[in-house]
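Basis for what follows: all heavy atoms, side chains included, without hydrogens, waters or symmetry-related copies.
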There are 2 protein chains.
Amino acid sequence: MPELQNETEQQIIEAATDVFLEKGKSGARMQEIADRAGINKALLHYYFRSKILLYQRVFASQAKILFSGMLEAMVVGQDLRSGLYGFVDRYMDIVAGNPRLISFIMWEIREGGEEMSRILKEKFQEMGFQSVPLLEVLRTGKTTSGNPIPNPEQFFLSLMGMCIYPFIARPLLTRVVPELRPEDPDFLTARKQHIMAFIDTYLDR
Amino acid sequence: MPELQNETEQQIIEAATDVFLEKGKSGARMQEIADRAGINKALLHYYFRSKILLYQRVFASQAKILFSGMLEAMVVGQDLRSGLYGFVDRYMDIVAGNPRLISFIMWEIREGGEEMSRILKEKFQEMGFQSVPLLEVLRTGKTTSGNPIPNPEQFFLSLMGMCIYPFIARPLLTRVVPELRPEDPDFLTARKQHIMAFIDTYLDR
DNA sequence: GTCTATACGGGGATAGAC
DNA sequence: GTCTATCCCCGTATAGAC
């Protein structure tokens with residue numbers, strides 16, 4: 001599966017990834033990809049046949065990397081609270097470390113996300129999941145008082161949204177609310193703590 | 001300012017809005033816009049000179065509509081709790097009613113959002129705001145126990161993210177978690193209630 | 001204002017030499 | 001494998017008739 005690539009192929013993939021993530025599928029130019037890879041257009045086609053094939057290759061690769069990380073982050077241990085803490089910690093590291101990729105995937109989702117769903121299903125099987133592991137844990141978990149967690153699906157959506165929002169809205173946020181600096185490491189720490197506090201209030205009832 | 005448009009111009013704008021929101025700036029085709037407007041390409045250029053100008057017109061118009069709604073939703077009255085309730089109610093109606101536009105704006109934000117920031121600043125002045133009104137209220141507001149609201153910026157981010165996330169992630173969500181149906185009116189109600197409950201736990205401390 | 005016809009350039013893709 | 005040169009379509013834009 002990894003089919004180890006030669007130097008040139010690797011450089012093409014890297015350049016293509018950069019350009020596609022920046023400009024989008026239709027905004028990307030083969031010329032620019034070639035330039036950044038330090039080769040010419042003909043060689044691009046020699047390696048990847050067409051723009052759409054190159055795009056699919058890049059997209060699948062990026063989506064797999066992202067989903068692997070996210071799904072792994074969603075695997076939590078026996079203790080619910082610390083498990084959720086761990087999820088937030090790992091998940092936000094991924095999001096904060098790949099803001100361009102996140103926004104790109106969000107745009108792709110908008111187009112229906114069939115290809116993405118396919119890749120995701122694949123990852124599910126690969127990892128042996130029947131459904132979203134984090135959500136499963138929330139559905140069977142108990143609050144501090146021993147009751148089932150209320151509205152686990154809603155809680156799940158809230159967690160995801162809280163983690164992701166500052167990073168997809170960042171360029172606008174920093175202009176409207178200059179005090180917020182999502183690119184600052186301190187911000188990431190503060191954000192995690194805030195979300196963990198939210199988890200506490202949700203579990204302690 | 002509204003400079004009332006004639007029939008044809010209006011149809012062009014509508015068609016262009018649809019196409020740009022669906023395909024993005026570079027993915028959109030003048031031919032498709034012309035077709036949907038029931039005219040030919042030459043007439044497009046007669047009215048709007050170039051694709052980029054047409055795009056800017058559409059973008060500015062949509063951004064203004066969206067920002068007006070959002071900023072209005074962020075104006076809350078004297079009572080903090082009911083004010084926040086009202087914000088969630090109005091804001092989520094906007095988001096749920098314009099998912100394509102939301103995703104589109106998110107993509108534009110990714111590109112730096114300079115033009116958007118310009119438009120937003122304009123709206124701020126127009127409405128007489130110094131800063132985000134909702135955030136201002138959170139900064140000066142008190143919890144039930146009379147203390148300042150902790151981390152108002154973080155709380156603000158959480159609110160925004162909770163409201164928006166289900167609708168930008170929808171196509172993927174519905175495949176991974178089929179029980180979630182963001183397009184269902186019942187979902188919208190449930191989501192609002194959940195977020196309002198979150199507001200309660202945050203204020204009642 | 002609205003059309004047909006066409007110019008022009010950009011960008012994906014290929015041929016063919018090395 | 002890598003290059004140069006070239007093809008050719010598609011998409012933007014314009015000319016000019018009505």
Trainee: Could you tell me the separation between the CZ atom of B:Phe48 and the P atom of D:dG11, rounded to a whole number of Å?
Mentor: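 Computing the B:Phe48:CZ to D:dG11:P distance gives 21 Å.
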Trainee: Determine: side-chain N/O of A:His45 to OP1/OP2 of C:dT14, distance under 4.0 Å, yes or no.
Mentor: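 Negative; the distance criterion is not met.
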Trainee: Ignoring hydrogens and angles, answer whether the base of C:dG12 and the side-chain atoms of A:Lys41 contain a donor-acceptor pair closer than 3.5 Å.
Mentor: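 Answer is yes: a donor-acceptor pair is held.
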Trainee: Between B:Gln31 (CD) and C:dC3 (C1'), how many Å, whole number?
Mentor: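 Atom-to-atom, B:Gln31 to C:dC3, this comes out as 13 Å.
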Trainee: Could you check, using the six-membered ring where one of them is a Trp, whether B:Phe20 and B:Phe59 have ring centers closer than 6.0 angstrom?
Mentor: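 So the answer is no for these two rings.
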Trainee: Are A:Thr17 and A:Arg57 linked by a side-chain donor-acceptor pair shorter than 3.5 Å?
Mentor: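 Distance-only check fails for A:Thr17 and A:Arg57.
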Trainee: Looking at B:Tyr47, I'd like to know whether one of its side-chain N or O atoms comes within less than 4.0 Å of OP1 or OP2 on C:dT2.
Mentor: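 For C:dT2, OP1/OP2 do have a side-chain N/O of B:Tyr47 under 4.0 Å.
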Trainee: Using atom NZ of B:Lys51 as one end and atom C1' of C:dC8 as the other, report the distance to the nearest whole Å.
Mentor: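 Spelled out: NZ on B:Lys51 to C1' on C:dC8 is 17 Å.
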Trainee: Calculate the interatomic distance between A:Leu44 atom CG and D:dG1 atom P; express it in whole Å.
Mentor: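 These atoms are roughly 15 Å apart.
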Trainee: Salt bridge or not between B:Glu32 and B:Arg36? Use side-chain N to carboxylate O under 4.0 Å.
Mentor: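 Yes, charged N to carboxylate O under 4.0 Å.
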Trainee: So, is B:Asn40 near the phosphate of C:dC3, with a side-chain N or O under 4.0 Å from OP1 or OP2?
Mentor: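 For B:Asn40, the contact criterion (side-chain N or O under 4.0 Å from OP1 or OP2 of C:dC3) is met.
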Trainee: Distance check needed: D:dG1 C1' versus A:Ile12 CD1, whole Å only.
Mentor: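 About 11 Å, once rounded to whole Å.
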Trainee: Is A:His194 close to A:Met162 at the side-chain level, that is, under 4.5 Å between some pair of heavy atoms?
Mentor: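 Yes; the side chains approach each other to less than 4.5 Å.
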Trainee: Can you identify which nucleotide, out of C:dG1, D:dG11, D:dT14, has its nearest atom closest to the B:Arg49 side chain?
Mentor: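 Between C:dG1, D:dG11, D:dT14, the one nearest the side chain of B:Arg49 would be D:dT14.
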Trainee: Is B:Thr8 close enough to C:dG1 that one of its side-chain N or O atoms is under 4.0 Å from OP1 or OP2 there?
Mentor: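 No, outside the criterion.
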Trainee: Over how many whole Å does the gap from B:Leu43 atom CG to C:dT4 atom P extend?
Mentor: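 Taking atom P of C:dT4 as the reference, CG of B:Leu43 is at 11 Å.
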Trainee: Could you go through residues 195-205 of chain B and list every donor-acceptor pair under 3.5 Å that involves a side-chain atom there, pairing it with any protein atom two or more places apart or in another chain?
Mentor:
| from | atom 1 | to | atom 2 | distance (Å) |
| --- | --- | --- | --- | --- |
| B:Asp200 | OD1 | B:Arg81 | NH1 | 2.7 |
| B:Asp200 | OD1 | B:Tyr85 | OH | 2.6 |
| B:Asp200 | OD2 | B:Tyr85 | OH | 2.9 |
| B:Thr201 | OG1 | B:Phe198 | O | 2.8 |
| B:Tyr202 | OH | B:Pro150 | O | 2.6 |
| B:Asp204 | OD1 | B:Arg81 | NH1 | 3.3 |
| B:Asp204 | OD1 | B:Arg81 | NH2 | 2.6 |
| B:Asp204 | OD1 | B:Thr144 | OG1 | 2.5 |
| B:Asp204 | OD2 | B:Arg81 | NH1 | 3.3 |
| B:Arg205 | NE | B:Tyr202 | O | 3.2 |

Trainee: Whole-Å distance between D:dG1 C1' and A:Gln11 CD?
Mentor: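 Rounded to the whole Å, the gap is 13 Å.
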Trainee: Remember a base hit wins even if backbone is also touched, and classify B:Ala34 as base, sugar-phosphate or nothing at under 4.0 Å, heavy atoms.
Mentor: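 If one applies the 4.0 Å heavy-atom cut-off, B:Ala34 turns out to touch nothing in the nucleic acid.
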Trainee: Take the protein atom CD1 of A:Ile33 and the nucleotide atom C1' of C:dG12, then report the distance between them rounded to whole Å.
Mentor: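 Rounded to whole Å, this separation is 11 Å.
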Trainee: Counting only side-chain heavy atoms from C-beta out, which of D:dA13, D:dT2, C:dC3 sits nearest to B:Ala42?
Mentor: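 Closest nucleotide among those given: C:dC3.
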